[in-house]
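Worksheet: the structure to be examined is printed underneath.
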There are 2 protein chains.
Amino acid sequence: MNLKELAAELRLSQTTVSRALNGYPEVSEKTREIVLAAAQRFGYRPSPAARRLATGRAHALGVVFNAERNAFMDPLFVEYLAGVAETSAKEGFDILISPSTPRDEIVSFGRLARDGTVDVIILSAPQVTDARIALLSELEFPFVVHGRPPEPAGVSYIDIDNFGAFQQATSFLIQLGHRRIMLMNGEEHFTFAQDRSRGAAVAFAAAGLPEGLLEEHFMPMTAENAYRCARQALESDARPTAILCGSILVALGVLRAAAELGLEVPRDLSIVAHDDEMPAFPADQFHPQLTTTRSSIRAAGARVAEMALARVAGQKPGAVAEVCN
Amino acid sequence: MNLKELAAELRLSQTTVSRALNGYPEVSEKTREIVLAAAQRFGYRPSPAARRLATGRAHALGVVFNAERNAFMDPLFVEYLAGVAETSAKEGFDILISPSTPRDEIVSFGRLARDGTVDVIILSAPQVTDARIALLSELEFPFVVHGRPPEPAGVSYIDIDNFGAFQQATSFLIQLGHRRIMLMNGEEHFTFAQDRSRGAAVAFAAAGLPEGLLEEHFMPMTAENAYRCARQALESDARPTAILCGSILVALGVLRAAAELGLEVPRDLSIVAHDDEMPAFPADQFHPQLTTTRSSIRAAGARVAEMALARVAGQKPGAVAEVCN
DNA sequence: GGAATCCCCCAAAGCGCTTTGAACGAGGGG
DNA sequence: CCCCTCGTTCAAAGCGCTTTGGGGGATTCC
């Protein structure tokens with residue numbers, strides 16, 4: 001059943017029925033009730049395609065999904081998506097996953113922004129120089145960011161306090177007497193990696209320690225990479241006594257390296273991991289249990305989706321800049 | 001730039017331009033070339049919304065995303081999604097994630113099927129009596145299934161050989177001399193759990209062993225559940241000497257239970273886990289390393305998406321029924 | 001009582017595409 | 001020479017909704 005039929009059934013014009021259903025004030029309460037009741041009764045559902053064409057709005061939010069990155073390094077993407085899904089469902093918004101490889105990611109963005117298939121784009125893991133942000137800004141297409149954008153001015157985003165978390169964790173290890181500390185960080189071009197790096201460096205400076213004692217590695221945060229890197233470091237003469245891990249996956253690799261070298265945690269080696277909460281692999285299910293500083297990525301997903309919806313509703317870009325934890 | 005403007009520019013009718021672009025035979029090769037070149041030059045992109053309204057086809061495939069289930073028990077969903085994304089990208093199909101809670105999942109399906117926002121639905125983890133399949137069948141809405149549907153007739157699906165895998169694994173353990181074997185299975189209402197259960201039972205029967213020696217547990221496959229269940233079983237007098245795990249997550253919980261009880265793997269306890277390949281948490285990164293029987297969920301995602309696209313292209317339901325591995 | 005003011009409601013024009021039915025030359029067969 | 005077919009092209013009618021620009025009737029005000 002479509003609007004025309006419904007209107008005919010009610011002996012009203014399409015205009016009136018449409019307005020009644022969409023809550024416009026030009027229609028009397030009495031007819032509105034009648035219309036709503038009839039819509040309910042006939043199970044009328046407006047066609048999204050038609051509405052989209054008429055209004056120009058898609059009633060959907062876009063998430064670009066980088067298959068490579070997500071599958072190997074981001075088991076949390078599901079959890080994040082769950083958060084996004086939660087709030088978008090409330091508003092009846094659909095979520096469009098635009099698949100892309102790292103190479104054509106920027107093309108995907110362009111397509112998504114120009115096609116009008118979505119009203120707003122959520123992007124994650126901003127980089128120090130981020131082509132996606134540049135493109136969307138230039139197109140003046142609404143978007144929100146999960147993570148700290150390189151130039152936060154005029155951009156709505158939500159971030160966790162990576163700087164603070166790593167500063168604290170590092171200070172903590174220093175207080176415990178550790179001197180040779182290793183930081184296994186994500187790839188250098190991500191802003192979060194920069195923030196974490198700065199946090200650790202500041203902690204070293206505050207303690208009056210030479211920076212050379214902090215051994216830092218930037219790399220894609222897979223378990224395999226972490227294993228190799230940790231193994232090498234732990235075999236060296238001046239092996240670190242504590243390792244700061246950028247994710248649980250990294251911690252997993254480090255643990256394996258330590259176990260193979262007969263190092264006991266935490267006796268011979270301290271491990272601190274910072275990651276979002278991972279319901280599927282709860283940190284306390286690991287053996288040995290890890291010290292982690294956690295935050296809920298699901299909540300983050302929900303929040304960032306809220307921001308996205310707010311942008312669609314007309315909120316100015318840059319209106320929101322939250323740092324949680 | 002829209003079709004009308006492009007047509008005006010070319011001094012052709014919209015009809016001709018549309019047909020030229022969509023490869024219809026009624027237009028001469030010469031004009032087609034001219035049109036294609038102009039479209040390229042002006043960067044013309046047809047509006048998906050308008051096309052959707054006119055054709056009734058959405059050029060998108062739907063995946064219903066059950067946040068609860070996926071976040072806690074299915075870290076592989078990302079990987080699966082990556083596979084789906086890969087092939088759907090090739091055809092230029094979008095992926096619509098329809099969020100839902102377990103409660104309103106069926107409503108989500110109905111909405112998706114009736115709205116015309118997607119052309120086909122992919123559903124996973126079919127159950128012994130599956131309301132979603134019943135609904136889509138009744139609506140005659142195209143869908144394909146990842147996993148064995150309860151009544152495979154007339155349904156296109158792809159599955160891994162759960163029966164065979166668990167039969168073999170069980171036989172293998174029996175051959176090694178194990179008698180008290182525990183099977184930690186998924187929830188009873190999933191067809192895959194049934195298949196696995198049957199596989200193990202058949203192996204026992206084939207070995208002439210009484211079924212009572214097989215201790216089977218059906219449960220949501222989280223690490224926490226597995227931990228609790230394994231802990232209890234391993235503390236009992238007649239503790240199992242081998243455990244068959246339904247997923248890597250389950251294995252993780254079992255490992256922890258074993259470690260806490262001072263049982264060494266594989267000396268005191270054999271563990272076999274069956275799961276899809278998990279790039280983020282490769283089985284060999286665990287310590288101790290696990291014996292797993294693996295398959296690629298990403299490939300499965302890609303294959304099931306192919307099937308979905310074939311259905312859209314007109315292939316009959318039930319035309320494909322693949323069992324891999 | 002007539003004009004001005006609301007309040008509701010409507011007809012019709014889009015949104016940008018596909019697709020039907022028809023037109024119009026050019027060529028071929030009778 | 002006329003009729004028919006074939007190959008191209010076109011005008012126009014949707015697809016199902018929103019939204020503009022009125023319009024009629026009841027109410028109010030002078």
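The model shown is predicted, which means the values in this text are computed figures rather than measured ones. Within every chain, numbering begins at 1; the chains are lettered A, B, ... in the order of the sequence lines, protein sequences first and strands thereafter.
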Legend entry - Whether A:Arg52 side chain and A:Gly56 backbone form a donor-acceptor pair below 3.5 Å: no

Inset, instruction - Using a 4.0 Å heavy-atom cut-off across all strands, classify A:Thr15 as base, sugar-phosphate, or nothing. - result: base

Legend entry - Spacing between A:Lys4 atom NZ and C:dA11 atom P, to the nearest angstrom: 12 Å

Inset, instruction - Using modelled atom types only, decide if a donor and an acceptor are shared between the side chain of A:Asp119 and the backbone of A:Leu61 within a distance under 3.5 Å. - result: no

Legend entry - Euclidean distance, atom CZ of residue B:Arg45 to atom C1' of C:dC17 [Å, nearest integer]: 15 Å

Legend entry - Pair B:Phe42 and B:Tyr44, ring centroids less than 6.0 Å apart: no

Inset, instruction - Rounded to the nearest angstrom, tell me the gap between atom CG in B:Leu53 and atom C1' in D:dC15. - result: 4 Å

Inset, instruction - Could you check which of D:dC17, C:dT18, D:dG16 has an atom nearest any side-chain atom of A:Pro46? - result: D:dC17

Inset, instruction - Remember a base hit wins even if backbone is also touched, and classify A:Arg32 as base, sugar-phosphate or nothing at under 4.0 Å, heavy atoms. - result: nothing

Inset, instruction - Please check the phosphate of D:dC10 (OP1 and OP2 only) for any side-chain N or O of B:Ser13 closer than 4.0 Å. - result: yes

Legend entry - Parallel, tilted or perpendicular: ring planes of A:Phe190 versus A:Phe192, cut at 30 and 60 degrees: parallel

Inset, instruction - Nearest whole angstrom, please: distance from the P of C:dG14 to the CZ of A:Arg52. - result: 23 Å

Legend entry - Atom-pair distance (CG on A:Leu3; P on D:dG14), nearest Å: 17 Å

Legend entry - Sugar-phosphate only, base, or nothing, as touched by A:Arg19 at under 4.0 Å among non-hydrogen atoms: base

Inset, instruction - For A:Arg11, report the nucleic acid contact type (base, sugar-phosphate, nothing); a contact means any heavy atom under 4.0 Å. - result: sugar-phosphate

